[in-house]
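All values derive from a computational prediction rather than experimental measurement.
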Amino acid sequence: SAMRAAGCTSRVVTPHSTPRAFRVSRSRSRRRGSRRSALAASDVVAADPADLLVQWATKDGLVLSPKVVVGSAFPGAPRGLVAIDDIQVGECVIQLPTKCTAFDAAAARADTALGLGDAIVSYESTDSTKRGHDVSDETALALFVALAKRHPERTEFGAYVTALPEELPHSPLFLDDETFNDILPATPLSLIDETDDARVDLFLAWDVAAAVVDRLVISTEVSTDDREENNAVTGLIGTTEVGTENKKAKELTLDEFTWAWASVRSRAITFRVQAVSAEGEDNGENMETNEDNSEGETKKNISERKTVTLARRCLVPVVDMMNHACEACPGDADSEHHHPGPAVREVAVANTVEWRATRDIKKNQEVTWTYGADLSNERLWLYYGFCPDPPVHKGTSVTFSFLEKALLVGIQTVCKDDAVDVYEKRLALLQKAGVGFSVQKRKISDQESLETSEDGCESAEGNDENRALQFTASCASQPTALAGIAGIACCDAGEVSALYETLRRDEDATAQSVGTFGKRTVTLSPESRRRAGRYVAFLLGQIESTAVGEELVDDRVAVDGSSDNTAVDSSDTTTAIANSHNRVTTSDENSVTKRALSRSIAFQFAKSTRQGAVATFQSIAPMLENETLLANDDWIDQAVETALMCR
């Protein structure tokens, strides 16, 4: 579906169960066919690409329940899988045997039908000082998509690519500069940073991909039989001219690659595959699943051969048509009402992955999956092109940063009465928790300012006074990372000494696989816990307005891009999103109207992500009240313990 996009990102979801060895799609041997004249564009007829893809996948071995079809659950809904009959809990909706085709980077590198394999070899065999980066798996797969889009009749991959949505996801990545700047004040800072990083990834990947295509040589020697077979699954009637000469491919445009790259990022599924190393008896891939585990979790193949577990990203026809469903935020009645969770989950059985119903699915309801229960609104918008409604669910979170220097100034204020030796021990504990690498190991007097170390002490990111520490707070979840640091900062002198001695003994116990920490040895006084909780509340209060952004005054955008009474209404916005997902484009849509609709969608999603971020802070606040901390504060002990075990 168009709502799909891994992360990091590819589809962020990783199925626990994994086929033994997905068959890699490779082109068949090329048999020379007779020469035919190319048909005019008006003579080409296309069938429904989604239906043809299901037919192809079924022939390939995938089993789709007869109770499920490709479609929309209601007018204006995105395309997905929909029940046409009642499905009972536990019933199998999709079966994916290990023999089924899954298109991945290996298939791209092995391609001969499009000439991609040879082009990648040619590029990577060039002196690395005279070219860009190596071809990553993601770039190889995106190239495979782009070239199959150009020549769907040449490869069985064409059936899949032809069925992909034509429009880009409604991601902040693809907004025009004016719209992006307009929503910037209301956009969480973490999303702005991640969007910038993703844009850099895109342009670097395009630079490599374009260089590969420059080396691409297309052979026109394609047999009539193979071409007609691929035409049958792409829906094209007829064939282009068949000859024997070779020609260079046309230049790869940014728009062309962006669409392919976005398709991979929004649809690729990550499977964990075991590969036998070069020291093993064979070079194949294998996977064993624990069939007694209802979650379908994989376990390593135990043998004398040395194996490694690889993350393998694949484009899996039909499976990737399922849309995402969020799980509810615990304790939130509205979230529990609107987010019942995915309708199916994957389970490993012998040589097959099955998607089974988690609950009864009624006729005309959508069959949904999860791309990852912990995916935030920001990541769903950035990589998949949508934001859940309402934006409060299990994955709702907000990411923010503190400058280490500023954080340590605050901590020093909290523990200003420390003796020098106590402060040095406290700082050692903080450094164990990942804080304080950029400062000197002594207490700084009231007259001194906090400065970076002059003795070359380096942090994980170098000796940098601007080093930032990043935290993520999740909806209705205790802020344990921040609480661990606060607990170290707020405990009394005796507790500091006790923690320091435990830490020292733990580091000395090098012969033990598990040290002292991890055995629940941290026990702070109720007052220290309360102070730590209140300090966390103070820190969150300081960062909240910066982290969540400003409230948008009006998310209704007029056709000319300004705000007035002729703005696009919510029903038009919903239709625009659905049209993009379903590959529907009306002929009378002009560029101005499309831009206005895009702006309206962007404002809607920006407002939703901010609402989710605000809700996250609101859900945490009650946990940090004095009464709550005194009644239930042992989680702060656990947070401190986790912090001291983290490095």
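- Taking the six-membered ring for Trp and thresholds of 30 and 60 degrees, F386 and H324 have ring planes inclined between 30 and 60 degrees apart.
- Nearest heavy atom pair, residue S497 against residue K425, reads OG-NZ, 3.8 Å.
- In this structure, W369 and Y371 have perpendicular ring planes: the angle between them is above 60°, well past the 30° mark.
- The shortest non-hydrogen separation linking E327 to A373 is OE2-CB, 3.6 Å.
- When all heavy atoms of V392 and C475 are compared, the pair lying nearest together is CG1-SG, 3.9 Å.
- Using modelled atom types, no side-chain atom of T628 and backbone atom of L624 make a donor-acceptor pair closer than 3.5 Å.
- Side-chain contact check for T258 and D255: no donor-acceptor pair (N or O, by modelled atom type) lies under 3.5 Å.
- Proximity of P388 to L380: side-chain heavy atoms (C-beta onward) are separated by under 4.5 Å at one or more points.
- A heavy-atom distance below 4.5 Å is found between the side chains of E178 and R599.
- Nearest heavy-atom pair across I636 and A483 is CG2-O, 4.4 Å.
- In summary, K607 and E551 do not engage in a salt bridge, as defined by a charged side-chain N under 4.0 Å from a carboxylate O.
- If you take OG on S136 and CG on L204, they are separated by 10.0 Å, rounding to the nearest 0.5 Å.
- Ion pairing of D137 with R313 is absent here, as no side-chain N (NZ or NE/NH1/NH2) approaches a carboxylate O to less than 4.0 Å.
- In terms of modelled atom types and a separation under 3.5 Å, the side chain of R359 and the main chain of G341 share a donor-acceptor contact.
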Pair Y500-D421, side-chain contact (heavy atoms from CB on, under 4.5 Å): steps then yes or no: CA-CA 11 Å; Y500 182 79; D421 64 324; over 6 Å; no
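- Under the side chain to side chain contact (heavy atoms under 4.5 Å, CB included) rule, V640 has a single partner from T480, L429, V522, I485, which is V522.
- Counting heavy atoms from C-beta on, the side chains of L539 and L407 come closer than 4.5 Å.
- A donor-acceptor pair under 3.5 Å links the side-chain atoms of T502 to the main chain of A498, judged by distance alone.
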Worked check of side-chain contact (heavy atoms from CB on, under 4.5 Å) between L375 and T370: CA-CA 9 Å; L375 282 176; T370 177; over 6 Å; no
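- Side chain of N377 to backbone of C387: no donor-acceptor contact under 3.5 angstrom is found.
- Without hydrogens or angle criteria, S477 side chain to A473 main chain gives no donor-acceptor distance under 3.5 Å.
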Candidate pair D418 and R426, rule side-chain contact (heavy atoms from CB on, under 4.5 Å), full reasoning: CA-CA 9 Å; D418 276 357; R426 195 185 301 271; 2.7 Å; yes
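- A donor-acceptor pair under 3.5 Å is formed between the side chain of T368 and the backbone N or O of A343.
- For the pair W259/E167, no side-chain contact is recorded, criterion being any heavy-atom separation below 4.5 Å from C-beta on.
- In this structure, L175 and S598 have side chains that are in contact, with non-hydrogen atoms separated by less than 4.5 Å.
- Contact of the S608 side chain with the D389 side chain is not registered, since no non-hydrogen atoms from C-beta on lie closer than 4.5 Å.
- Residues E627 and R530 are not paired through a salt bridge, judged by the lack of any N-O separation under 4.0 Å between the basic side chain and the carboxylate.
- T472 and T399 share a side-chain donor-acceptor pair at under 3.5 Å.
- A perpendicular orientation is assigned to the rings of H339 and H393, their planes being inclined by more than 60° (bins at 30° and 60°).
- A distance of 9.0 Å separates CZ in F174 from CZ in R199, rounded to the nearest 0.5 Å.
- Between F471 and S401 there is no side-chain heavy-atom pair separated by less than 4.5 Å.
- With a 4.5 Å cut-off on side-chain heavy atoms, F605 and I183 do not count as touching.
- Here OG of S619 is found 8.5 Å from CG of D332. Values are rounded to the nearest 0.5 Å.
- A donor-acceptor pair is defined here as one N or O able to donate and one able to accept, closer than 3.5 Å; such a pair exists between the side chain of S335 and the backbone of C329.
- Across all their heavy atoms, A476 and P330 have their closest contact at CB-O, 3.9 Å.
- N181 CG: more than 12 foreign heavy atoms inside a 6.0 Å radius.
- Judged purely by atom type and a 3.5 angstrom limit, R379 has no side-chain atom pairing as donor or acceptor with the backbone of L191.
- The two residues G533 and L629 have their closest heavy-atom pair at CA-CD1, 3.7 Å.
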From CA spacing to verdict: side-chain contact (heavy atoms from CB on, under 4.5 Å), V414, C490: CA-CA 7 Å; V414 171; C490 295; 3.8 Å; yes
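- Formation of a donor-acceptor pair under 3.5 Å by the D637 side chain with backbone atoms of L524 is found in this model.
- If you take CZ on F257 and OG on S263, they are separated by 11.0 Å, rounding to the nearest 0.5 Å.
- In the model, T358 has no side-chain atom that pairs as donor or acceptor with a side-chain atom of R345 under 3.5 Å.
- We find the CZ-CG distance between R529 and N632 to be 9.5 Å, quoted to the nearest 0.5 Å.
- Proximity of a side-chain donor or acceptor of T139 to a complementary backbone N or O of V135 within less than 3.5 Å is not detected.
- Counting heavy atoms of neighbouring residues, nucleotides and ligands inside a 6.0 Å radius, atom CD of E501 exceeds 12 of them.
- To the nearest 0.5 Å, atom CZ of residue F402 and atom CG of residue L408 are 12.0 Å apart.
- With no hydrogens or angles considered, a side-chain donor-acceptor pair links S528 and E495 at under 3.5 Å.
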